[in-house]
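What follows is a set of notes on a single structure, which appears directly below.
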4 protein chains.
Amino acid sequence: MRATPDRIVDAGLSLFSDRGFRGTTVGQLEAAAGLTPRAGALYKHFPSKEAVLEAAFERHVAEVEALHSAIELMPLGDLRAELTLLARFGMQTLVRERALRRIVLTEGDRIPDLKRRYRERIVDRSYEEVVSFIRQKMAGGEFPAGSDPEAISVLMVGALLGFTLEYDVFGRHPLGVDEDRFIDVIVDSAMAMSRAGTGPRPQPEPEGSHSR
Amino acid sequence: MRATPDRIVDAGLSLFSDRGFRGTTVGQLEAAAGLTPRAGALYKHFPSKEAVLEAAFERHVAEVEALHSAIELMPLGDLRAELTLLARFGMQTLVRERALRRIVLTEGDRIPDLKRRYRERIVDRSYEEVVSFIRQKMAGGEFPAGSDPEAISVLMVGALLGFTLEYDVFGRHPLGVDEDRFIDVIVDSAMAMSRAGTGPRPQPEPEGSHSR
Amino acid sequence: MRATPDRIVDAGLSLFSDRGFRGTTVGQLEAAAGLTPRAGALYKHFPSKEAVLEAAFERHVAEVEALHSAIELMPLGDLRAELTLLARFGMQTLVRERALRRIVLTEGDRIPDLKRRYRERIVDRSYEEVVSFIRQKMAGGEFPAGSDPEAISVLMVGALLGFTLEYDVFGRHPLGVDEDRFIDVIVDSAMAMSRAGTGPRPQPEPEGSHSR
Amino acid sequence: MRATPDRIVDAGLSLFSDRGFRGTTVGQLEAAAGLTPRAGALYKHFPSKEAVLEAAFERHVAEVEALHSAIELMPLGDLRAELTLLARFGMQTLVRERALRRIVLTEGDRIPDLKRRYRERIVDRSYEEVVSFIRQKMAGGEFPAGSDPEAISVLMVGALLGFTLEYDVFGRHPLGVDEDRFIDVIVDSAMAMSRAGTGPRPQPEPEGSHSR
DNA sequence: CATGAATGAGTGTTCATTCAT
DNA sequence: AATGAATGAACACTCATTCAT
């Protein structure tokens with residue numbers, strides 16, 4: 001079995017994300033960590049409930065941060081393929097971040113430091129990854145000179161965030177548009193704004209599965 | 001002065017949205033409504049704290065709902081102009097909805113009914129407005145036949161939501177992209193995916209800072 | 001019935017003095033004040049347990065202080081009679097102060113402010129009353145010129161304090177010497193040090209029970 | 001290094017006396033004894049926290065008791081000198097007893113046995129030593145026949161106790177009267193009540209430092 | 001209608017004590 | 001003998017809610 005502090009942090013991440021910080025009692029944390037509830041055993045490992053939040057948050061931020069550091073957009077020689085990869089990676093990260101996002105949303109005002117750390121180490125980095133990709137493609141002539149790379153990045157990241165959040169909150173995809181279809185449309189829209197989009201569109205294959 | 005129940009509902013909307021349901025005490029509601037705090041006067045008007053949330057939520061949902069019903073996309077004869085109007089309206093609604101969104105985000109799991117009502121009466125309606133607009137334009141030949149109108153709607157609404165949320169949570173626009181620039185890019189992307197986008201692009205002015 | 005805050009303060013004075021601050025629980029205070037124990041009703045009237053101590057302490061200090069201010073040593077024209085009166089008054093005050101003394105003894109280190117207030121407003125004043133009495137008598141020639149009025153005062157007050165404390169703590173008078181006998185000896189010793197003491201002693205009545 | 005139980009007892013004596021029994025945690029005792037705090041190692045040596053108090057108390061009582069047994073009032077042939085010696089010894093013992101006295105004061109009600117032992121083995125013995133001294137001097141004709149030796153003893157011991165306590169609690173001597181001056185006055189008062197006091201006073205040496 | 005007082009069910013936290021290693 | 005982990009019983013304090021006035 002994992003060590004007790006780890007189990008407490010696991011419990012914290014999931015409970016805080018599900019019920020919020022206030023909504024989670026120390027007894028629930030203990031129970032979820034396999035300790036006797038309301039016995040105070042948590043305090044052998046953490047000085048306070050807030051410290052559990054801290055630790056859980058930090059661990060998760062570090063994990064997601066590592067994910068970002070690991071990513072290396074390999075050049076595939078094909079803009080559409082690269083955009084798809086980028087979008088898929090973004091979606092995946094957002095799914096992973098779910099607990100973090102909920103905690104920031106719920107407790108961000110009470111503990112602004114969480115908000116700051118999440119923004120600096122996760123959110124800002126995401127935008128920068130996308131914007132640097134777009135800029136590089138602009139330099140390579142794949143996006144027209146007048147493009148607004150920041151705005152395009154904000155559009156793409158925002159759309160991914162909005163889509164993910166919708167699913168998080170309501171448990172279903174809006175208008176029945178699933179992940180694949182959403183990735184397609186986000187890539188389509190980027191392609192359409194690229195140099196490629198100015199010529200004839202990439203030919204919707206007449207029988208196309210979903211990218212109709 | 002407004003009637004006491006109204007003042008309590010006002011207080012509820014703002015306090016619940018700022019501090020969450022659990023984070024708001026009955027005493028704070030009373031104080032904010034001009035009653036003696038912790039004296040229990042609230043219970044003369046509402047049977048419970050939850051009933052205040054109910055009432056506050058319902059009132060706000062009804063307001064935003066009315067907004068949606070009032071909208072009537074007048075045909076401007078120009079796709080870009082119409083898209084811009086649509087985007088601006090969506091943004092505006094999302095800003096208005098802020099308190100609702102925060103309450104659903106924070107308390108949606110505890111009181112699933114709130115979530116359902118918000119989704120059915122606000123969120124779904126937004127998607128349907130956009131998708132019906134796109135479908136209509138497809139019928140009019142302004143979008144290519146192979147387009148995925150649902151996906152395009154989800155992209156647009158999701159992007160607006162993501163952008164707004166970012167501002168709500170962090171108090172600043174990502175990458176410094178302000179609302180106007182964001183509306184531009186969202187419209188650009190839709191235009192690019194439209195029939196218009198398949199031909200030559202709408203004139204990137206050679207020197208344009210960021211094609212607004 | 002007295003008002004609730006008053007009843008709480010009464011309870012506090014007696015419980016704190018009997019069991020110490022730490023040794024007294026809020027539930028006990030509530031119970032002793034006629035409230036449901038462990039129901040938190042105390043917090044309607046005081047912000048914290050410590051605030052009850054504060055209030056109880058302050059009220060009692062003020063009472064004893066008033067006692068000191070009220071005293072007016074009337075000249076009886078007889079040194080022995082005046083000394084007896086002084087000693088009796090001192091003893092009485094010390095008995096009244098019992099609760100204060102115990103609180104200072106028990107909690108003085110944790111809350112140094114209590115100590116300071118007790119010292120400044122009660123203790124120091126006692127010493128000064130006695131020393132000013134002795135000085136006045138020295139000026140009147142009733143104490144020899146070489147006397148040490150401060151030391152004599154410290155002796156008298158200290159003796160009263162020691163005697164009282166003994167009774168407080170052990171519930172009985174040491175060596176069976178009761179209050180009257182003690183007052184006698186304290187007066188005797190002062191008289192003996194006075195000018196009168198240098199001549200023949202004030203007539204030990206040959207059959208005297210114990211009064212000297 | 002001393003054995004662990006001894007170190008625990010040392011820690012107990014000082015901590016209990018400084019913070020009281022309730023105010024001292026087992027963890028603090030362990031830490032002060034060089035053990036890992038809150039690890040429960042204390043229970044290898046003592047069955048409970050109370051047992052530590054017991055042991056610490058008993059050890060200290062025995063020490064002070066030994067002091068009393070050791071004393072042997074040697075006849076100096078001079079009443080004043082003997083009284084001074086007695087007073088100095090009493091003062092010294094009281095200073096040594098400080099921790100005991102504080103523990104009895106603080107915990108005496110909770111654990112009446114402590115009180116009883118302290119009284120029987122320390123306090124009563126002190127009174128008896130003094131009273132036997134005075135009686136002996138009365139028998140030798142140095143105190144007048146009508147004297148009340150018990151009362152005189154209570155006066156002297158009480159005065160010493162009061163003086164010492166004042167210093168313990170407030171950290172300063174009342175009215176600036178230091179130990180020497182206090183011993184002088186206590187001896188003066190006893191001398192004044194003695195046969196010697198009935199004649200002319202012992203002549204304040206014209207240049208006397210403080211025995212004025 | 002509003003207020004002050006009271007209540008009971010929690011909540012975070014502390015701590016003496018036990019136990020397996 | 002010492003440690004780390006766990007337990008259960010408190011405790012101060014909060015808060016939604018009720019009730020008499």
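Quick note on labels: first sequence line is chain A, next is B, and so on, each numbered from 1.
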What is the distance, to the nearest angstrom, from the NZ atom on D/K49 to the P atom on F/dA9? 19 Å
From CG of D/L29 across to P of E/dT14 the rounded distance in Å is 18 Å
Select from C/A39 and A/A41 the residue whose nearest nucleotide in DNA chain F is closer to the 5' end of that strand. A/A41
Base partner of F/dT14, which must satisfy Watson-Crick or wobble distances under 3.5 Å: E/dA9
Closest nucleotide of DNA chain F for D/G40 versus for B/R38: which of these residues is on the 5' side? D/G40
Side chain A/R22 and base E/dG12 donor-acceptor under 3.5 Å: no
Most 5' of D/F21 and A/T24 on DNA chain E, judged by nearest nucleotide: A/T24
Aromatic ring pairing C/F21/C/F16, orientation class (parallel under 30°, perpendicular over 60°, tilted between): tilted
Please report, rounded to the nearest Å, how far the P atom of F/dT14 is from the CZ atom of B/R19. 16 Å
Exam field: side chain B/E65 to backbone B/I122, donor-acceptor pair closer than 3.5 Å: no
Within the pair B/Y43 and F/dT17, is there a side-chain N or O less than 4.0 Å away from OP1 or OP2? yes
In whole Å, I'd like the distance from the CG atom of A/L15 to the P atom of E/dT11. 13 Å
I need the CD-P distance between A/Q28 and E/dT11, as an integer number of Å. 7 Å
Sugar-phosphate, base or nothing in reach of B/K44, heavy atoms under 4.0 Å: base
Which heavy-atom pair separates C/L42 from C/S48 by the least distance, and what is that distance? CD2-O, 4.4 Å
Please give, in whole Å, the distance from E/dC15 P to D/E50 CD? 18 Å
A/K115 charged N/C atom sitting above B/F170 aromatic ring, 6.0 Å / 45°: no
Could you give the CZ-to-P distance, from A/F46 to E/dT14, as a whole number of Å? 15 Å
Starting at atom CG of A/L35, determine the distance to atom P of F/dT7, rounded to an integer number of angstrom. 6 Å
Any strand: nucleotide that pairs with F/dA5 via Watson-Crick or wobble, under 3.5 Å: E/dT18
Identify which nucleotide among F/dA16, E/dA5, E/dT7 has an atom closest to any side-chain atom of C/T4, counting heavy atoms from C-beta outward. E/dA5
Are OP1 or OP2 of E/dA6 and a side-chain N or O of C/H45 less than 4.0 angstrom apart? yes
Would you indicate, yes or no, if E/dA6 has its OP1 or OP2 atom less than 4.0 angstrom from a side-chain nitrogen or oxygen of C/T36? no
Which part of the nucleic acid, if any, lies within reach of C/L42 when heavy atoms closer than 4.0 Å are counted: base, sugar-phosphate only, or nothing? nothing
Between A/E63 and A/R96, is the closest basic N to carboxylate O distance under 4.0 Å? no
